[in-house]
Amino acid sequence: MKAHLGWGLSVSQWFIFLLANALALPIVLGQAFGMSGAEIAGLMQRTLLVVGLSSLLQAWLGHRYPIADGPAGSWAIVFVVMAQLGAAQGHSATMTLQLLEGGVLVAGGIMLVLGLVRQVHRLLFLFTPLVTGCFILLLVIQLAGVFMRGMVTDPRSGLMSGGVLLLALLVFLGVLLCSFSRYTLLRTYAVLVGIVVGWGGFYLFELMAPAPDPVAGGLHIPMPFAWGVPELDSGMLIVAGLFSLLLFSNQIAAISAMSTVVSGDQVDTARVINRSSWVSGVSHFLAGAGSTIAVVPLPVTAGFVQLTGDRRRGPFMLACVLLALISLFPALVSLLALLPAPVANAALLATFVKLVSLAFTLLNKQPLDNRASTIIGVSLLLGVGCMFLPAGLYRHLPGLAQYLLGNGLLAGTLLALTMEQLWRKPR
């Protein structure tokens, strides 16, 4: 009986973790492209389906760790920048989205081919612990701002609210405190407890967003290429190539962080990286054909596992299947969307505490001499600086420059990677 209860709680916690990571970005992108409520609901349904299938494939055939796949924050920035560029150039939202479909498919093709021919491991020399540590720190800094905005925003009005912030902070602190509890059950299911209690608090104090209109109908399988036939241009081809490099970095960071938590050692075997790469290529094809943002293994999952101590693959894979099945029923998706965004953001932000410690663990794998500290400082300063540049400042520049300046994660990671290779270590 205890075993069944433990599995049930574990599956529920993984399900909510997968859901919380997948809900926010479809809404953000839908608003950026001026989509209707029905179009955003369709985008959310397709995103949940791709997240569930991709996470399951990775745990089954790819890296074989319980690592959640989720909408890529780096791709989300490209989508938002493209929405602004397309509007400024007089292109319709549909034309821009078709171009993004093409870019996601090209990136997926690169990852699939390199994985199948087993050549991804030849790129491992680029992703040293220093580069991977910088990537994780930049990722944490970039997404922390997104989560903080979500924590202070009232779901009813879209404005900042002191009451919402207070409840979100209590969820954040509650998850952290539960993770330090001497009671194993409370420690293991800290994120689940925080979300359930926070959701109850929002309901009790009447801070919930209005319920959406009831969705009629049962099973609904999304049609492929909902945005139309994919398109490509030279700028998007270059961006897709650059993003393939960033996605390899993301993938290696997620696997390295999780392997440290699960086994206490780094995974550097060619087999694991190549398997994960070709599965990521398949995931990108699913996202491109499904007209949704590309998904990637999320390094933050390592923080979640370290926080909860739950390292089992079985409950994780069952949660992936459950998410994929539920995504086929729009009525259930609309109910899941009632999860208060401030609660989800607060619980996810708490898992970032452990991710920061993992980044410092990677950075400390070699002495922090003048060379290493300079590379870290330059990458973080310029990468974070790009995150704060207003979009209008570089709107007149070529498209590739706009992608780089609009994406501090990409710019900072490329800087760290370039300096690490060009600046030879002192003998």
Side-chain angles (χ1 to χ4, degrees), residues 6-7 10-22 50-73 111-112 114-115 118 120-121 123-124 127 129 132-133 135-136 139-140 188-189 191 247-284 286 294-324 348 351-352 354-355 357-359 361-362 365:
W7 262 70
S10 185
V11 170
S12 300
Q13 182 165 251
W14 272 117
F15 178 82
I16 290 179
F17 182 76
L18 288 162
L19 180 68
N21 275 291
V50 171
V51 165
L53 292 177
S54 178
S55 301
L56 179 64
L57 286 173
Q58 283 285 11
W60 178 31
L61 301 172
H63 48 62
R64 299 179 184 174
Y65 281 108
I67 302 176
D69 274 21
M111 300 186 78
L112 178 66
L114 287 178
R118 301 178 183 178
V120 179
H121 65 282
L123 300 175
L124 287 178
F127 304 106
T132 305
F135 171 84
I136 292 177
L139 180 71
V140 167
T188 303
Y189 303 108
V191 174
L247 294 170
F248 287 132
S249 178
N250 187 105
Q251 179 178 303
I252 292 166
I255 294 171
S256 299
M258 182 60 76
S259 64
T260 301
V261 172
V262 172
S263 61
D265 196 9
Q266 296 297 307
V267 168
D268 57 1
T269 61
R271 185 169 56 180
V272 173
I273 298 300
N274 287 320
R275 281 201 315 254
S276 180
S277 177
W278 74 257
V279 173
S280 288
V282 172
S283 298
H284 272 62
L286 289 173
V295 299
V296 294
L298 299 176
V300 68
T301 314
F304 172 82
V305 170
Q306 196 172 32
L307 195 72
T308 62
D310 191 354
R311 298 171 171 83
R312 296 171 295 176
R313 267 200 316 163
F316 170 76
M317 294 176 71
L318 190 55
C320 296
V321 172
L322 184 62
L323 183 67
L348 291 176
T351 65
F352 271 44
K354 297 294 184 181
L355 194 59
S357 69
L358 288 171
T361 299
L362 289 171
K365 282 192 170 293

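Please read all numbers here as calculations on a predicted model, not as lab measurements.
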Asks: Please round to the nearest 0.5 Å and tell me the distance separating atom OG1 of T308 and atom CZ of F17.
Replies: 9.0 Å

Asks: Which pairs of donor and acceptor atoms, one on a side chain in residues 50-57, lie under 3.5 Å apart (sequence neighbours left out)?
Replies:
| residue | atom | partner | partner atom | Å |
| --- | --- | --- | --- | --- |
| S54 | OG | D69 | OD2 | 2.4 |
| S54 | OG | S283 | OG | 2.5 |
| S55 | OG | V51 | O | 2.8 |
| S55 | OG | D69 | N | 2.9 |

Asks: Got a donor-acceptor contact below 3.5 angstrom from the S259 side chain to the S256 backbone?
Replies: yes

Asks: With a 4.5 Å limit on heavy-atom distance, are the side chains of L114 and F248 in contact?
Replies: yes

Asks: What heavy-atom pair brings A254 and L298 nearest, and what distance separates the two atoms?
Replies: CB-C, 4.2 Å

Asks: Taking only residues two or more places apart in sequence or in another chain, which ones pass side chain to side chain contact (heavy atoms under 4.5 Å, CB included) with P66?
Replies: W14, R313, F316

Asks: Is there a side-chain contact between I67 and Q58, using heavy atoms and a 4.5 Å cut-off?
Replies: no

Asks: Just by distance, do the side chain of T361 and the backbone of S357 share a donor-acceptor pair under 3.5 Å?
Replies: yes

Asks: Do W60 and V279 pass the side chain to side chain contact (heavy atoms under 4.5 Å, CB included) test, and can you show the C-alpha distance, the side-chain angles, and the key distance before you say yes or no?
Replies: CA-CA 10 Å; W60 178 31; V279 173; over 6 Å; no

Asks: Look up atom CD1 in I252 and atom OG1 in T132, then write down how far apart they are to the nearest 0.5 Å.
Replies: 6.5 Å

Asks: Indicate yes or no: at least one non-hydrogen side-chain atom of H284 is less than 4.5 angstrom from one of V296.
Replies: yes

Asks: Please report the C-alpha distance between R64 and R275 in whole Å, then the side-chain angles of each, then the deciding distance to 0.1 Å, and finally whether the side chain to side chain contact (heavy atoms under 4.5 Å, CB included) criterion is met.
Replies: CA-CA 9 Å; R64 299 179 184 174; R275 281 201 315 254; 3.7 Å; yes

Asks: Looking at A253 and F135, what are the two nearest heavy atoms and their distance?
Replies: CB-CD2, 3.7 Å

Asks: Which residues pass the side chain to side chain donor-acceptor pair (under 3.5 Å) test with Q251, sequence neighbours left out?
Replies: S280

Asks: If you take all heavy atoms of L18 and A68, which pair is closest and at what distance?
Replies: CD2-CB, 3.5 Å

Asks: According to side chain to side chain contact (heavy atoms under 4.5 Å, CB included), who are the partners of A359, at least two apart in sequence or on a separate chain?
Replies: I136, L137

Asks: For L112, check side chain to side chain contact (heavy atoms under 4.5 Å, CB included) against everything at least two apart and list the hits.
Replies: L116, W278, V282, F285

